[in-house]
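Just so it is clear: chains get the letters A, B, ... in the order the sequence lines come, proteins before strands, and each one is counted from 1. Only heavy atoms go into these numbers, but all of them, side chains included; no hydrogens, no water, no symmetry mates. Predicted model only: the values in this text are computed from it and were never measured.
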Number of protein chains: 2
Amino acid sequence: MFNEQQTKLARYAKALGHPVRIYVLQTLAKQTCCYSGDLSEVLPIAKSTLSQHLKELKEAGLIQGEIEAPRIKYCINKANWAEAQDLLKAFFED
Amino acid sequence: MFNEQQTKLARYAKALGHPVRIYVLQTLAKQTCCYSGDLSEVLPIAKSTLSQHLKELKEAGLIQGEIEAPRIKYCINKANWAEAQDLLKAFFED
DNA sequence: ATGATTGTTCGTAAATTTACGAACAAAAGT
DNA sequence: ACTTTTGTTCGTAAATTTACGAACAATCAT
């Protein structure tokens, strides 16, 4: 019923559908990368909850984590970030 | 903790976070307006489910309904549509 | 008045989301 | 080896989302 673009768009939008995740993405988009602990210090949520949000963003493809033991460095997944941007742009411009 | 823009952005994005709602918005954005029945004929969901999705889009401010008895004509809420577009544009361009 | 059309609201159920603390795993430092 | 640091996973609970059919309300046509 729904085409690839519609499904992808809904998926990306859903990932953006929470203030914590918006904040995380804005932070990553601004300063290239950061650690979970950096976010945890600022955000008023439990570490485990943040971890869940990061997992969702990872599963949506918008971020990626790189092990830099004992920490994990999170960055924007640039390819998918660009795809989400393009899909949204097209969505609003049709 | 979160500012107005982050909260609004998350709210709009959440409203876009389902294929049915993407489809509805694309349809409305293309052809100015349409009736619930027009959508119901095409979409593989119950009328009541569609009604719920329309309600969510209405509550998010992205669409508005006008009574044209016995039907309801749904249209894009242009002001909020533009706001969502601007917020998303700014989000990806920071 | 009666019946048909249109779409919402209600009641309900299953799945998903959001949240927390506790327990756990992996690696680095001592 | 042992402790500390970092972050995930587990178990759990409450709230929200998604979905359906049945009942309802409002208007139009007969």
Rounding to the nearest 10°, end axes of the helix from C:dA1-D:dT30 to C:dT30-D:dA1 built from five pairs each make an angle of 10°
Taking [atom1] from [X] and [atom2] from [N], how many angstroms apart are they, rounded to a whole number?
X	N	atom1	atom2	result
A:E66	D:dG7	CD	C1'	16 Å
A:L57	D:dG7	CG	P	16 Å
A:K55	D:dC10	NZ	C1'	10 Å
B:L39	C:dT8	CG	P	10 Å

With 3.5 Å as the limit, what N/O pairs link the protein to nucleotides 12-19 of chain C?
unit_1, atom_1, unit_2, atom_2, d
C:dT17, OP1, A:K14, NZ, 2.7
C:dT18, OP2, A:R21, NH1, 2.9
C:dT18, OP2, A:E56, OE1, 3.4
C:dT18, OP2, A:E56, OE2, 3.4
C:dA19, OP2, A:H18, NE2, 3.4
C:dA19, OP2, A:H53, NE2, 2.8
C:dA19, N7, A:Q52, NE2, 2.8

Those residues that, when tested against B:Y23, pass ring-ring contact (aromatic ring centres under 6.0 Å, His included) (two or more places apart):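 B:Y23 satisfies ring-ring contact (aromatic ring centres under 6.0 Å, His included) with no other residue.
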Restricting to ring-ring contact (aromatic ring centres under 6.0 Å, His included), what partner residues turn up for A:F92, sequence neighbours left out? B:W81
side-chain hydrogen bond (donor to acceptor under 3.5 Å, both in side chains) against [X], all qualifying residues, sequence neighbours excluded:
X	answer
B:Q5	none
A:Q26	B:Q6
A:N80	none

What residue pairs, at least two apart or across chains, pass side chain to side chain donor-acceptor pair (under 3.5 Å) with a residue in residues 9-18 of chain B? B:Y12-B:E83
Using salt bridge (charged side-chain N to carboxylate O under 4.0 Å, His left out) as the criterion, list what pairs up with B:R21, not counting sequence neighbours. B:E56
Can you list every pair that meets salt bridge (charged side-chain N to carboxylate O under 4.0 Å, His left out) and has a residue in residues 61-81 of chain B, with sequence neighbours left out? B:E68-B:K73
Hey, could you give me each pair passing salt bridge (charged side-chain N to carboxylate O under 4.0 Å, His left out) that has a residue in residues 25-48 of chain B? Not counting sequence neighbours. none
Report each atom pair, protein N/O against N/O of nucleotides 3-7 of chain C, whose distance is under 3.5 angstrom.
unit_1, atom_1, unit_2, atom_2, d
C:dG7, OP1, B:S36, N, 3.4
C:dG7, OP2, B:G37, N, 2.9
C:dG7, N7, B:K47, NZ, 2.9

Could you tell me whether the side chain of B:T49 and the main chain of B:I45 form a donor-acceptor pair under 3.5 Å?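 Not a single qualifying donor-acceptor pair exists.
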